[in-house]
Structures are given as C-alpha cells and as structure tokens.
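Single-structure report; data block below.
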Amino acid sequence: MTGLEHYNYWIVIALMMSGLYALIARGNLIRKLIGLNIFQASVFLLYISVGFVRDGAAPILAPGVDSYSNPLPHVLILTAIVVGVATTALGLALAVRIHGAYGTIDDDQLDRQRD
Amino acid sequence: MMEELIDVLLLAALLLVALQVIGSRGLVAAIMTFGAFSLVCAGLFVTLDAVDVAFTEAAVGAGVATLLMLAALQRCGGESEAAPRVHWGALVVVLGVGGLLVWGTLDLPPVGEADNPAHQHVAPRYLEQSGVEIGIPNVVTSVLASYRGFDTLGEVVVIFTAGLGVWLLLSSRRREEGE
Amino acid sequence: MTAGDWLPLLLIVPMLGAAGILAAGRVPNLREGVTVVTSLLLFWVVVQLAMSGAEPRWVLTEPLPGLQLALSPEPLGLLFALIASGLWIVTSVYAFGYMRAKHEAKQTRFYAFFALSIGAAMGVAMAANLFTLFVFYEALTLSTYPLVAHHGDDKARAGARTYLRILLGTSIGLLLPAIIWTHQLAGTGEFTPGGILAGHAGPTVAGVLLVLYVLGVGKAAVMPVHRWLPAAMVAPTPVSALLHAVAVVKAGVFVILKLVVYVFGMEFLAGVPLERALLWLAGFTVVAASTVALRQDNLKRLLAYSTIGQLSYVVMAALTLGTTAGLAAALHIAAHAVAKITLFFTAGSIYVASGKTQVSQLDGIGRRMPVTMTAFTVAALSMIGLPPTVGFISKWMILQGALEADQLFVVLVLVVSTALNAGYFMPIIHRAFFRPERAVAREHGEAPPPMVAALVVTAFLTLLGALAADILVSTLAPVMTAGSSG
Amino acid sequence: MILEHAQVLVVALPLLAVPVCALLPSRRWPGQFATLVAWAVLGFAVLLMAGVAEQGVLRYQLGGWAPPWGIEYRLDAMAALVQLLLALIAAVVFPYAARSLADEVDDGRVGGIFAALLLLLTGLLGIVATGDAFNVFVFLEISSLSGYALIAMGRRRRALVASFRYLIMGTVGATFFLIGLGLLYALTGTLNMDDLATRMPPLSASPTAQTALVFIVAGIGLKAAVFPLHQWLPDAYAEAPPAVAAFMAATATKVALYVLARFLFGVFGLEQLLEVPALQSALQGLAVAGMLAGSLLAMRAMDIGRILALSSVAQVGYILLGFALFSTAGLAAGLVHLFNHALMKAALFLALGAIVHRVGSGDLSRLEGVAHAMPWTMAAFMMGALSLIGVPLTAGFVGKWYLILAVVEQGQWWLVMAMLVASILSVVYLWRIVEVLYRRPAVLPARHEAPALLLLPTLLLAVANLVMGMHATPLVEWSMRASASLLGAGS
C-alpha cells in the first residue's frame, strides 16, 4: 500500500548497525556494553516486527476478537531481554574488576599495560 | 493508519536517540540517553501489540540495566574519555553486515500482513487452543509457562548463572591487593 | 615354534633389550653384555625366519577398518633385516671401544635408543603394507634423533634439528600423501608381487606418485633431499655407522626398491614417462655427490657424500627396471652396507687413536695403523667397484642390467662415477701408505681392540660377500621375476 | 522408568546439582560432589548411546506438548556422540579440577566455581539435547555466561580482560545467531529444527534464507573460533585456570561445531547449501586459513597455554574443512576429528595444568628441564603432542586420515597439501616445547611429580589417545552412521 512495507525492517537494521558500530569503535568498556544493548534491543524489534499483524489485537484472548498479533515472538523476546540484561550485568561486573586491577576501563590503554 | 504513523515516528525517534547515545559526551549522559532509548523501545513494542514485552523492556531495559550501568560507573569513577573518532574499520564491517541484512529482508513479506508465513504455522494453534488447554486469556503467558516452559526455565538459569558470575567476580578483592 | 611365532620377536627382542639396557645402566659391563646378547638373539631370530622360508603374517592391530599394522617377511625384507641385525652385532662391539675410549656421556641412553632404532628397522624390513611401513619409518626417524643429538651441544642440536626437519618434513609432506593416494586409487596398501597400482592409475598419476615416493623417502637421500646426511655427521661415529650402513639410509633405498617391486611393479613402471626423469635425477645425484666428495677434506663428510652417491646407485638400478637391475640394486644395498660400515669404523678408529679428522692429516698413518688402513683399502676398493670385493660384483650387475635395458645413460654414469670414486679414495690410500709422516703430534698405534676387531670383521665380510653374492642372487631372483612378469 | 527420562535427566541432573554444589561448605566437597555428578551424567550418556544404537533417533516431548508447538528433545547419532564426549571429558576433568581449582582460589568461592562448572556442563548438554532452535540459543547463553565467569577466575589480571573481550564477541555471535533464527522464523513460522528442515527446501533460492544461513554460520562460527573470528580464543584459553581451559577447549568449541553441522546439514540441507554462491569455497578457504594461521601464530607464541589455544584454531580448521566438503565422508571425518581433538587437547591442557601447578608458570622461558622433574606428566604431554601432530596409531591420525581420504575423493589436492603443511608446522611448534622442557639446565631440578589427583586424569587421557588410535573402528563407524543419517540418502 505504501512504500512502508519494509520500513520497520530497515530502520531496525540501521539501529542494529549503530549499536554494532558503537561496540567496535568505542574504547570504553561500559560504552561497548551500551552498544551491545542497542544492538540486541534492535534485534528484539526485528522479532516483534515479524510478529506484528496489522489491525490485530495484542494476544490476550477476548470475546469478539478474531485477529491477534503473533504471540510466539513475544515469548521469545521476553526470554531474550532477560538473557541480555544478565549478560550486561556480568559484563559490568567484569568492568568493575578490570578497573580495580588496571585503574582504567579503556580498551586501548588495557593493551598498553602488559603483565 | 494512525497506528502506522505512530510506528513510523517512533522508529525515527528511536534512531535519533540511538545516534545521540553513540555520539554523546560523557558516560553519565550516554547511560541516561540509553535509558531513554529503552523507554522509546517499550513504546514501540506497545504499538506493535507486544504489551508484555513492553512492560519487561521498560522494567528491565530502561530500569534495571540503566541502574546497573550507573552503579558500575560509580565504582569505576567518572573517567574522562577520548573524543570519538570515526572508526573506518568498524564502518566497513557495519555497512557490510547492514547491506547483507537489507538484501536479506527484501523478499520478506511486508510487515503486518495477516497471511505472512510466520502467522500460518505453530502460532495459530496457540491462539485457538491455549484458552482451552491452559485456561488463561494471555496467550503469551500460556506459551511462556507451558508450551515453551523449558525456555523459561532456561531463562531463570541464565539469571542464576549471571548472578553467580557477578558474585564470584565481586566477592574477592584478592587480585587487586596482590598487584 | 612355527615361522609365525618368530615375527613378534623381531620387535620384542630389541624392546626388551632396550629395557634391559636401561635397567643395567649402572653397571657398564652388564649393560654392554645385554646389548651383545640382544643383538645376537635378534640376528638368530632373523636367521631362523630366513631359514624357515615361510611367509607368515602377524597382525599387531587394525586401527581402522582395512588398515592393518602387520608384519610379513619376504626375501627383500629378510635381506635388509639380515644386514641390519648382523651389522648391529659388529657395531655394538665397535661402540664399546669407541664410547669408552672417548668417555662419552649418557652411554646407557645411547645403547637403549640404538636398540630401539634397530627394532624400528626390523619393522620397516618386515612391513606387510604401506601403512606399517610408514609407522616404522617414522619410528626409525624418532628413535635415531636422540642418537644424532647425542652430544647435546648447540652444534649437535642444530644438526639433529636439520635431520629431523628434513626426514619428518619429506615423509609427512610427500610420502604420506603418496600412501593415502595409493590407498585411494588401489583400495589397498598391501605389498603384492607385481604391484597394486597397475590398472588403477594412469601413467601421469603413477609418475607423480613415483616422484612423491622417491623424494618422500628422504632417507634415500636423493638430491635435493640429501642435506640431512652431512648435517647428521655431528653424531658419534658408531651412530654414523648406524645411519649409513646399518639402518637409516639402507631403510631408505630398501623402501624405494620395495615400492618399485611391490607397489608399482616393474612392468607397469616401464610405461610411466616420469620414471625416466627420476632415473636421470638419481644419475645426477651419483655424479654430483661424488664430485662434492672429491673436494672434502673432513673424512666423515667425504664418506657422507660418498654415501649419497652410492645410495643413488641403488635407486638408479631399481629404476633401470628389469630382473638383473633389480637384483643388482638389492645386492648393492648389501655391498654398500658392509663396505661403508668398514670405512666409518676406520674413520672412528683413526679419530680415537690419533685425534685426526681431516684427510690431509693422514700422511703415513698406514704404518702406525696397518690393520685399520688395510681394512680401509679393502672397503675403498669395494666402493670403487674393483675386484675381489663384493662392490665389484654389484656394480658389474648394475652395468649388465643397464645394458639389458638399453640404458646407455646409466652406463655413462657408472663410468664417470667410478672414475670419481677412485679419484677421492685412491689419494687417501696413497697418503696413508706411501707418504712420510709429518710432524708427530702424539705417538699412537691401533685403536682399542674391540674397534679393530669390528672393522676386521666387516672388511672380511666385504671380501666374503663376493663369494656369497651367488646365493643372494638366486634367493632373490624369484621376487624380481614376479615383479617384472606379474 | 528412569531410562525413559534419561534424555532429560542427563541435562537436569547437573542443573539440579548446581544449587547444592554452590552451598556446600569446605574446600574439597564441591569438587568431589561435582565429580560424582559428572560420573552419573556419563552413565546416562552411555545408556542413551545404547538407546540410539538400538532405536535410531530418541525423542522426548518436554511438558508433553508435541513439536513443533512444544519443545522437543531429540537425540540422534551425532548428538549422542557429542553428548558422550561431553560426559567423558567432564568425568575426567572434574576430579582434576577438584584438586587444582581448589588450590587456586580462596575458600569461599570454591563452591561457586564448581557450580559454574556444572552450569557450563548443563548448558553444553542442553544444546546437544534439544531439537528446538531457540532453545539452543538459551542454553548457549547459559554455557557462555558460566564460561565467561570461569575464565575470569584465572591467576593473572589479564584473565579479566580476556573474559570481557570474549563476552563481547560471544554475545555478538549469539545475537547474530538470533538474527538468523528470526529471519528463518519469518519465513517458516516454526522453531523446531526437524520442522524447519521440512519447510526449507522450497525456499532455497530466497535471499532471506541465504542471509539467515550466513548469520547463523557467522554467529556459531564465532563461538567455534573459526578463522578469522577466533581472536577471543587464544587469550581466553591461555588465561583461564588450566582445568577450565582443558574443559572448555575440549568441549565448548566442539559443541559450537556440532551446532554448525546441525544447522548446515540438519536444517538447511545440502541443496540449500549449494544454492548459496561461493559458500563452499568460502568455508573451505576459511578452514585452510585457520589451519595455517593458527599454526603460524603458534610457532611464535611463548606461553604454552597460548600455543595450545592457537593450535585449537588450526584444529577447528581441520574439522570445519571436513564439514565444508559437503559429503558424507567429509562430515564423518570432521566428527571423528572433533571427538579425538577433544581427547588430545584435554590431555595437553591437563598436563600443562600439572606443570603450572608445580612451577607456577606456563612460560617457555621458565620451563627449561621441567621434563626431568616431572617425567610422567611429560610422557602424557608427549602423547598428546604426538596425537596432535597426527602420528599413526594415535587418535589424531585417524581423523586426518579420513579427512584426507574425503578430500582426495573430491580430487582437491591443494587441500591435502594445506593439511600436510599445517601438520608439519604443528611438528615445529610442538617440538619447540618438547626441546625446551627436555633441555638440561645447569642445575638439574629434583624429581617433583604432580600430585596423583592431577596426574591420573592426565595419564588417563593420554592413554585414551593411544587407545582411540589403535581401535578407531567403533568411533569411525559411529561417525559414518551419524553423517549418513544427517545427510540423508540424497547425498
């Protein structure tokens, strides 16, 4: 109907790539984790976009409604969000320890400190 | 139509926020903007009919993750960062991967059509039967707790694993003292 | 005991011997006793096996379906086993004199690995298929490495590293793919009279395979994979004898002969175009190595290059194809073995007695060490190919084989190289007996008795071989005929 | 009754043991408890192996929901083989870890560390057991998170950095995998792997399907340390505690390779693979590049742990090469090598751990003459090294032999040459270690062998290398069977 058929996908891809870029390009470990989170959140959007049904209702059964969005991607992404935050937590704990051991959380400076 | 307009606008806003996160000066600002990013995400999930996901994203993404980051930042001290430079290698990787993905989505069925293959297989049974088989109206909860209950168990184990890992890492300060 | 029961002993005896040597390490006399008893026992086992005339088969294990680790005697293998185990006895005796006189360190380890490498050589000799051959070929390389590196200084380590690098490199890089390819083509790696490749491989593929095999068997030292041999000269002299005469290089040429007879089959090989090129390469190696030897002053290096040349005689004869040439190749392995071991024994004796290592220092030494230098002369005559030695007969047969096969190139190589051989051995004999001794550094006579005894025995074998050649030829003839008509 | 549920119990048992293990007091108990659990898991794995031998494919519906609506556990010949491998390695490494890890960390954390080790085992077993693609992701993350935590327990502070970098790379890999799954779901509407396989063929020309394939291969390739996605691995394995490195080197990359084979052949299928332009040559090229680059880098490394880790990059190349032949023989050869490489790498890392336990370092410059002090440990190391080189009659030879046969079958001689060059390079880098360890220092160190609890598992694995080299027939036949059933009759 419009040129918007794949609009969701493409913006989602742009989001993913900005997250991925931040993850590679930025030296600060916490920034890398932020990049990782943006990357993952955009993948969640991809799934939810796949599950979306126009004019459908949220998948909560109600009388008189016969078109729902697909519940399965929602289930998967609920799991994935939790997995993502668990990873972030572990990464942050590592960052704290690295700061304690090296006095910095900048990737480039870590490489300069040889043991 | 209204729904779509909101969707378009929110997505555009999301991209702007994301770029803001990446370009921001100062870690505190970056973390706060990231929190905002998660909130906009949650909003988008609502427009895409994923209410449960929206709640979780708002609570876990915007809430817990942001708090954890701030806490970590506090323990690491407010470190000054080098000004961001264009990282050409990363740009090449990102453009390559993104290009591939765009190509890969070209023949995906349009977003939102009810006869997309994803909606034809497996999911219909959840919508039709879960009310009878499980007996609660929220299909997402039914699938989560029952049909794919094992994934949910795995999810709990993931949290436990991360908790254990964090405890293992932070319970000892031996290393720092040793060096 | 049936013949089949003897086969396991070929491996068990040397291994038990090595264990016994290690156990007796604190008592040198006992240790040396164990060595001699082991070597005698092994030789006796090989003789029993040869006398029985049966060809039993002993499967150690079958690691993969259709891939057996198996031993089975056949005339060529028995010949090699006889040479290796027989000369081990003499070499052991010689080594007692040498190692004690030079006060070498770590003698126990030395004798133990010596025994292990003989065991590996037995495995090579009796290998029933390509896989078994490869396993024991590598075992031989690895068990001789500590011997080459014996002195443990930087020079010895560097030499040993070259030794290992070239032998392992060629065997893994060239021999192994050739073996796997053969399996792929023929569906088997069993040694069969008449060959297994005929009908399974075209002439081009067979040619490439032959190149892989000839260069992959680095122990045969065909140029350009000969460099390990001079590098290994850092080892003590008994080790050089082991490398040159008893086990290592003999294993190399023996393997090539075995491949020609049992894998390719002479008749099939005659139709392979690349075969000629390899013949020329072997011929080139003969002449080139002899020319290099001409310019050496260090006696052991000279002998090393002479070995490279002599080995390529065997390869050349094997590739000349035909019954006579094949027999000549087998005979030359034996001829070179006894003669070259004598030469190394004398070189070691001279070194132990006088400390001299260079040819230019040998003026008049024949008067101080008459027995040694007479033995040297006998062996040198055999090398050149003059009567009344066994070397004369083997060279004569190579010539005959070449004429039968209309290989004028081989004839030419023989003529030129004989002149070159004479060119580097004759001056040494002349120096030793006819030049006056120069300034005397120290008084000395012959080397210790065990060494002299050993080299006298091998010199006699060089003469005796001429008489025994007939027996050898008639025993081996059926194999070669099967090879060329099957 | 128990047998019926063995398929689930094998995963559930270590999981249920986790909280118990975490709460156990004392230094020794957690390790001993984890060992008992590992042995029980081994018992189940053997039972299941017998079951698969008898019935072909074992299926179990979790919660009673039939696939593709519920999650199904599905055990075929390939899965049973990898499951047995995991159980075997755990059964041997855990008692070793009970001694070496307990000596390395402070009291309070021993229970936690063994809980993490059990979680790692659970995650890996879960990946192998499941027939559901998204479930693979969940268990992949369980194993990854516990892996990151365990690597960070290394002695040096560098371990923290190695762990963090692995976390970033590993999560990117897992997310790539997730993207691929999302695209597949958008195309088919299902997540069950068997169901996916039946729905894929009509879609083989679709760019989406091909993109999904690329993302899944890249994501899993990252976890498997396929060149050039291997950068995380050398640091991670070199810095991890040796017992952890031994366990992970033997299992984590292997399970990732298993997932790769599962998706390539069990979900996409040969026809689809051949449809993607240049996929086969790209995979073969990466395999060869990994073989050579890993070996060349190992030649220059100074730390034994690093050398072994880099050699893993090369060995992953061999296994990937087997897969990339897209033939029954190639896949079977890859599986044989996958199994055997786990045995040799575990033996080598355990021997290294015993040396580090005594000397306190794995740096070559500090290990001169160690062989004279620890002859048995060195004998085990030599055995592992010979196997890694691929000397006949060791386990390492078997996989390479079949790999070369499979390559020759397709007439690709340049691949044979590349494999042999890599083998020769492995001789060089391993010989460097052996030479240093056997060199006699000015003062000969006194005999100081590793404690029996470290030595016995090490020797056991060394002997296993010999046994698997001499009696390879069962493994070879099982791998052939797994490969044939996965590739179907159509290949």
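Keep in mind the model is a prediction, meaning the values are calculated, not measured. By convention in this document, chain letters (A, B, ...) are assigned in the order of the sequence lines, proteins followed by strands, and residues within each chain are numbered from 1.
With rounding to the nearest 0.5 Å, the separation of CD1 in A:I38 from CE in A:M17 is 12.5 Å. For the atom pair A:H74 NE2 and B:L48 CG, the distance stands at 7.5 Å (nearest 0.5 Å). The distance from the CZ atom of A:R26 to the CG atom of A:D106 is 10.0 Å, given to the nearest 0.5 Å.
Partner of B:L11 under the side-chain contact (heavy atoms from CB on, under 4.5 Å) criterion, chosen from B:L9, B:D7, B:V8: B:D7.
Among B:A162, B:A123, B:P137, the residue making the largest number of heavy-atom pairs under 4.5 Å with chain A is B:P137. The residue among A:G51, A:G35, A:A80, A:G91 with the most heavy atom pairs within less than 4.5 Å of chain B is A:G51. Of the listed residues A:I34, A:L20, A:L23, A:L33, the one with more heavy-atom pairs under 4.5 angstrom with chain B than any other is A:I34. In terms of non-hydrogen atom pairs under 4.5 Å with chain A, the most contact-rich of B:L108, B:T152, B:V122 is B:L108. With respect to chain B, the highest number of heavy-atom pairs below 4.5 Å among A:G19, A:A62, A:A86, A:S42 belongs to A:A86. Of all the listed residues (A:D108, A:T88, A:V83), the one sharing the greatest number of non-hydrogen pairs under 4.5 Å with chain B is A:V83. Interface remark: of the candidates B:I159, B:V158, B:T105, B:L68, B:T105 forms the most heavy-atom pairs closer than 4.5 Å to chain A. The most heavy-atom pairs under 4.5 Å with chain A, out of B:L44, B:V21, B:V140, B:V46, come from B:V140. Per-residue heavy-atom pair counts under 4.5 Å with chain A were compared for B:D151, B:T141, B:L127, and the maximum is reached by B:L127. Note: A:I30 leads A:I30, A:L29, A:V12, A:I77 in heavy-atom pairs under 4.5 Å with chain B. For the set A:L72, A:V85, A:I13, the count of heavy-atom pairs under 4.5 angstrom toward chain B peaks at A:I13.
With respect to the salt-bridge test (charged N to carboxylate O, under 4.0 angstrom), the residues B:E133 and B:R125 qualify.
For A:L15, the parts lying under 4.5 angstrom from a heavy atom of chain B are both the backbone and the side chain. Using a 4.5 Å cut-off between heavy atoms, B:A12 touches chain A through backbone and side chain atoms alike. For A:A57, the part lying near chain B is the backbone, with the side chain staying farther off; criterion is any non-hydrogen pair under 4.5 Å. Of the two parts of B:T47, only the backbone, made up of N, CA, C and O, holds a non-hydrogen atom closer than 4.5 Å to a non-hydrogen atom of chain A. Contacts of A:M16 with chain B are made by side-chain atoms alone, with heavy-atom separations under 4.5 Å and no backbone atom involved. If you measure heavy-atom distances from B:V60 to chain A, the contacts under 4.5 Å come from both the backbone and the side chain.
Contact of the A:S49 side chain with the A:Y9 side chain is registered, since non-hydrogen atoms from C-beta on lie closer than 4.5 Å. For the pair A:N37 and B:M69, the minimum side-chain heavy-atom distance is below 4.5 Å. Between A:V96 and B:L170 there is a side-chain heavy-atom pair separated by less than 4.5 Å. Between A:L90 and B:L169, the closest side-chain pair of non-hydrogen atoms falls below 4.5 Å.
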Could you go through A:L61 and B:S130, starting from their C-alpha distance and side-chain angles, then the distance that decides it, and tell me whether this counts as side chain to side chain contact (heavy atoms under 4.5 Å, CB included)? CA-CA 9 Å; A:L61 300 176; B:S130 74; 4.1 Å; yes

Begin from the C-alpha positions of B:L27 and A:N28 and carry the test side chain to side chain contact (heavy atoms under 4.5 Å, CB included) through to its verdict. CA-CA 9 Å; B:L27 273 170; A:N28 186 291; 3.4 Å; yes

Go through the steps for B:V139 and B:V143 under the test side chain to side chain contact (heavy atoms under 4.5 Å, CB included), then give the verdict. CA-CA 6 Å; B:V139 184; B:V143 177; 4.1 Å; yes

Applying side chain to side chain contact (heavy atoms under 4.5 Å, CB included) to B:V53 and A:I81, what does each step give before you reach the verdict? CA-CA 8 Å; B:V53 181; A:I81 288 176; 3.8 Å; yes

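Contact annotation for residues 92-102 of chain B against chain A (heavy-atom separation below 4.5 Å, listed by residue number): B:V93, B:V94, B:V97, B:G98, B:L101, B:V102. Contacts between residues 28-38 of chain B and chain A, defined by a heavy-atom separation under 4.5 Å, are made by B:A30, B:I31, B:F34, B:F37.
No donor-acceptor pair closer than 3.5 Å links the side chain of B:R75 to the backbone N or O of A:R97. The closest donor-acceptor contact from the side chain of B:T56 to the backbone of A:L78 lies at 3.5 Å or more, if one exists at all. The backbone N or O of A:A58 lies less than 3.5 Å from no partner atom in the side chain of A:S69, so there is not a single donor-acceptor pair. In this structure, the side chain of B:N116 does not engage the main chain of B:A118 through any donor-acceptor pair within 3.5 Å. Panel note: side chain B:Q120, backbone B:A114; a donor-acceptor pair is recorded below 3.5 Å.
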